[in-house]
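Below, all heavy atoms of this structure are taken into account, side chains as well, without hydrogens, waters or symmetry copies.
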Amino acid sequence: MLLQHQTWQEVEAYLARSNGIILPIGSTEQHGPNGLIGTDAICAEFVARGVGEAAGAMVGPTIGVGIAVHHMGFAGTMTVRPSTMIAIIHDYVLSLARHGFRRFFFINGHGGNIATVQAAFAEIYAAFEGAIGMRRNDELRCRLANWWDGRAMRDLAKEVIGDDEGSHATASEVALTQFAFPDTIKLVPLDPPRAPSGRFHGPADYRRRFPDGRIGSNPGLATPEKGQRFYETAIPELAKSYATFLGENE
Ligand SMILES: [Zn+2]
């Protein structure tokens, strides 16, 4: 159930039975030779829509550009500053809160967003009921979940990808985009098949150490069938987390 496909009357009717909403958040950044620039935003949105269907929950607009400064050495990458992202999340949440939404479940597709999203939550709490308070009595809660979270997802990655999952442009995320958009599959050689691992500082150093953009991964192992398994494992896990989040009262 996409917010953008509802009328205002339908949103008002939804709010009479639920105050929860799912917000996808991703990134627009290079993902190696066979990974789409939009991988992180695509994965977050695709999974969020599935969770929305499974949980009967509203899904809001995707925040598609994230914190990706270290990927700026590669064409097509976009980034926002942490202060920009905090402002966007703050404004999205408080807009929706004005209408009665109170439980905001972010489904994230990019590890580099996590610290900033948590800072945004702190900013929102300060505005809603804290130091600069709107002095609201009704509680507002935000939660961040990554689409790859949970034991079942880790076990699946171990089973179908093994030690070649890596940490950037991973086979699991590329597989998920292949399942979502089979027409975009790129059949290109990966040399070496498994990318080097290690640390880096900033975009120039990143590109020097990891010239094709991948870190530690072999996304040549990605297939749409594997993507479907990741999808079908993630949806019930996250739908359960969402239901738990809505029911929390402590
Ligand atoms: Zn990614």
Side-chain angles (χ1 to χ4, degrees), residues 1-26 40-64 66 85-110 113-114 117-118 120-130 132-153 176 179-180 228 230-250:
M1 191 186 320
L2 302 181
L3 179 71
Q4 285 146 306
H5 293 185
Q6 312 298 309
T7 64
W8 73 262
Q9 291 94 338
E10 287 169 329
V11 176
E12 201 164 78
Y14 173 87
L15 281 162
R17 66 175 177 82
S18 176
N19 64 6
I21 188 163
I22 296 169
L23 292 165
I25 181 165
D40 293 349
I42 289 167
C43 290
E45 181 171 303
F46 185 56
V47 169
R49 288 180 178 211
V51 176
E53 278 169 32
M58 194 74 79
V59 179
T62 301
I63 299 174
M85 177 175 273
I86 289 168
I88 291 168
I89 294 173
H90 173 276
D91 292 358
Y92 277 29
V93 166
L94 292 189
S95 300
L96 293 163
R98 171 69 176 75
H99 309 301
F101 287 98
R102 288 294 181 271
R103 294 289 186 277
F104 299 86
F105 191 78
F106 285 77
I107 294 184
N108 179 43
H110 176 50
N113 288 341
I114 294 170
V117 173
Q118 297 293 357
F121 292 171
E123 191 79 25
I124 289 160
Y125 297 151
F128 198 74
E129 52 195 353
I132 59 174
M134 293 155 61
R135 302 180 70 85
R136 302 293 298 243
N137 294 323
D138 44 350
E139 195 183 47
L140 179 155
R141 292 188 190 193
C142 300
R143 182 69 44 86
L144 178 68
N146 304 302
W147 67 258
W148 59 83
D149 279 346
R151 175 182 287 262
M153 291 295 279
L176 196 50
F179 174 54
Q228 182 170 4
F230 282 109
Y231 179 81
E232 288 171 355
T233 304
I235 300 305
E237 289 270 311
L238 288 164
K240 202 169 95 192
S241 299
Y242 177 74
T244 304
F245 174 56
L246 288 192
E248 279 174 8
N249 282 314
E250 74 281 1

* Structure fact -> When every non-hydrogen atom of L246 is compared with those of S18, the smallest separation belongs to CD1-OG, 4.4 Å
* **Separation between CD1 of I114 and CG of N146, rounded to the nearest 0.5 Å** => 4.0 Å
* Which pair of heavy atoms, one from E10 and one from Q6, lies closest together, and at what distance? -> OE1-CA, 3.3 Å
* Structure fact -> Sequence neighbours excluded, the answer for ring pair (Phe, Tyr, Trp, His ring centres under 6.0 Å) partners of F230 is none
* To do: Take I63 and L23 through the side chain to side chain contact (heavy atoms under 4.5 Å, CB included) test and state the conclusion after the steps.
  => CA-CA 8 Å; I63 299 174; L23 292 165; 5.8 Å; no
* Asked: Would you say the side chain of V47 lies within less than 4.5 Å of the side chain of I235, judging by non-hydrogen atoms?
  -> yes
* Asked: With distance as the sole test, does R102 use its side chain to make a donor-acceptor pair with the main-chain N or O of G20 at under 3.5 Å?
  -> no
* Smallest separation among heavy atoms of G66 and N113, with atom names -> CA-OD1, 3.5 Å
* How far apart are the closest heavy atoms of L3 and G60, and which atoms are they? -> CB-CA, 4.1 Å
* **Y125 side-chain N/O to C142 backbone N/O, donor-acceptor pair under 3.5 Å** => yes
* Minimum heavy-atom distance W148-M153, with the two atoms named -> O-CB, 3.3 Å
* How long is the gap from CD1 on I21 to CZ on R103, to the nearest 0.5 Å? -> 14.0 Å
* Asked: When F104 is tested against each of V93, L144, I124 for side chain to side chain contact (heavy atoms under 4.5 Å, CB included), which residue passes?
  -> V93
* Could you walk me through whether D149 and E237 pass the side chain to side chain contact (heavy atoms under 4.5 Å, CB included) check? -> CA-CA 8 Å; D149 279 346; E237 289 270 311; over 6 Å; no
* side chain to side chain contact (heavy atoms under 4.5 Å, CB included) assessment of L15 paired with H99 -> CA-CA 8 Å; L15 281 162; H99 309 301; 4.0 Å; yes
* Asked: Under a 4.0 Å N-O cut-off, is there an ion pair linking R49 with E53?
  -> no
* Structure fact -> Across all chains, not counting sequence neighbours, the side-chain hydrogen bond (donor to acceptor under 3.5 Å, both in side chains) partners of R143 are E248
* With a cut-off of 6.0 Å (strictly less than), are more than 12 heavy atoms of other residues, nucleotides or ligands near CZ of R17? -> yes
* How long is the gap from CG on L2 to CD1 on I22, to the nearest 0.5 Å? -> 10.5 Å
* **Exercise: identify the closest heavy-atom pair between G56 and M1** => O-CE, 3.5 Å
* Look at the rings of F106 and F121 and say which category their plane angle falls in: under 30° parallel, 30 to 60° tilted, over 60° perpendicular. => tilted
* Asked: What's the spacing between F128 CZ and L94 CG if we round to 0.5 Å?
  -> 7.5 Å
* Hey, what do you get for CG (N108) to CG (D40), rounding to the nearest 0.5 Å? -> 8.0 Å
* Asked: Can you tell me if Y14 uses its side chain to pair, donor with acceptor, with the backbone of A57 under 3.5 Å?
  -> no
* To do: For side chain to side chain contact (heavy atoms under 4.5 Å, CB included), just list the numbers for Y242 and L238, CA-CA rounded to whole Å, side-chain angles, deciding distance to a tenth of an Å, and then say yes or no.
  => CA-CA 6 Å; Y242 177 74; L238 288 164; over 6 Å; no
* To do: For the residue pair W147 and P24, establish whether any side-chain heavy-atom pair is separated by less than 4.5 Å.
  => no
